[in-house]
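Just below is one structure, and these are the notes that go with it.
Small disclaimer: the values here were computed from a predicted structure and weren't measured.
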Amino acid sequence: MVPDMKSVDNIYLVLGFLVPGLIMTWVRAQFTTGRISLPKEALLVYLAQSVAYYAFVLPAVEFVVERPPGYGRAAGWILLVFAGPAILGLALGLNARHGFARSLLGRLKLPVIHVMPTAWDWKFAANRSHWVLVILKDGTRFAGIFGAASFASSDPAERDLYLEKIYDLDDDDNWIDRGEKGALLVAGEIRSVEFLPDTKGTENVE
């Protein structure tokens, strides 16, 4: 049965047991796919994450509960319900991006599944500049730079790609500067993306 949201106690209950999990999930998602879905089943995930979070910070919960009513207790609950989950979500996001736990477990001979859902997310989440060669399904090639002003979609259903600067390719694979031109490449037309080392990308640039 869904709690009666007209009851103040029930509102506090929902805030206390769903909001921490939601905040952790949202903050972590900024380092992986960049967005989160909101299906009904997600409520159970938020609830489970909130319970695990409270178990992790149980001493702090007991300290806040034992505080006398007033601003001190209110500030404690705000920190526990909002700030704490945000910090933990940040830590989980950084771990997902840099693979700290995965590296540690690998050294202990405990292989784990990668937290990044796809190779696309793993490669483009690094936020590093690359010389790239994009080949479309019709054979058209786009040479260019994927840098800070470029964009790779985080939507699994729409993997479009924007290159901030593109080059023409002649018959000898020389990169000919086209000036300040970028290109938006539609997801359904991309066949492959080649990432080139700096020397490979710059030695034939004109």
Side-chain angles (χ1 to χ4, degrees), residues 1-106 108 110-128 148 151-162 187:
M1 181 180 295
V2 178
D4 181 9
M5 294 305 292
K6 294 181 180 179
S7 169
V8 175
D9 291 337
N10 285 336
I11 293 177
Y12 287 155
L13 188 65
V14 170
L15 286 175
F17 284 95
L18 291 181
V19 170
L22 174 60
I23 292 176
M24 282 190 290
T25 301
W26 184 84
V27 174
R28 181 186 179 278
Q30 307 313 303
F31 297 86
T32 52
T33 61
R35 63 184 63 192
I36 57 175
S37 57
L38 293 174
K40 293 181 180 179
E41 294 79 6
L43 295 179
L44 294 177
V45 176
Y46 301 151
L47 176 60
Q49 290 180 336
S50 296
V51 171
Y53 163 73
Y54 284 128
F56 182 71
V57 297
L58 184 57
V61 174
E62 293 178 345
F63 175 78
V64 173
V65 170
E66 292 174 356
R67 299 281 294 177
Y71 291 111
R73 177 187 283 185
W77 279 117
I78 290 174
L79 290 174
L80 280 175
V81 175
F82 297 99
I87 294 172
L88 185 55
L90 175 63
L92 293 173
L94 291 174
N95 174 66
R97 173 70 64 85
H98 299 288
F100 300 130
R102 179 181 175 82
S103 177
L104 176 61
L105 293 174
L108 298 175
L110 297 173
V112 294
I113 297 175
H114 205 288
V115 294
M116 286 292 187
T118 67
W120 179 281
D121 294 313
W122 174 79
K123 185 63 178 179
F124 287 111
N127 283 335
R128 297 176 181 171
F151 178 79
S153 173
S154 59
D155 187 343
E158 195 63 35
R159 297 297 197 187
D160 53 359
L161 185 65
Y162 174 74

Show every donor-acceptor pair shorter than 3.5 Å between a side-chain atom in residues 60-71 and any protein atom, with sequence neighbours excluded, or say none if there are none.
none

Next on the checklist: Can you give me the closest heavy-atom contact between V81 and I23, atom names plus distance?
Outcome noted: O-CD1, 3.7 Å
Item to check | Residues which pass ring pair (Phe, Tyr, Trp, His ring centres under 6.0 Å) with W120, listed by chain and number, not counting sequence neighbours | outcome: F124
Expected list for residues 83-95: side-chain donor-acceptor pairs under 3.5 angstrom, two or more places apart:
from	atom 1	to	atom 2	distance (Å)
N95	OD1	F100	N	3.3
N95	OD1	A101	N	2.7

Side-chain donor-acceptor pairs of residues 48-58 under 3.5 Å, sequence neighbours excluded:
from	atom 1	to	atom 2	distance (Å)
Q49	OE1	T25	OG1	2.7
S50	OG	F17	O	3.0
S50	OG	G21	N	2.9
S50	OG	Y46	O	2.8
Y53	OH	L80	O	2.6
Y54	OH	G16	O	2.5

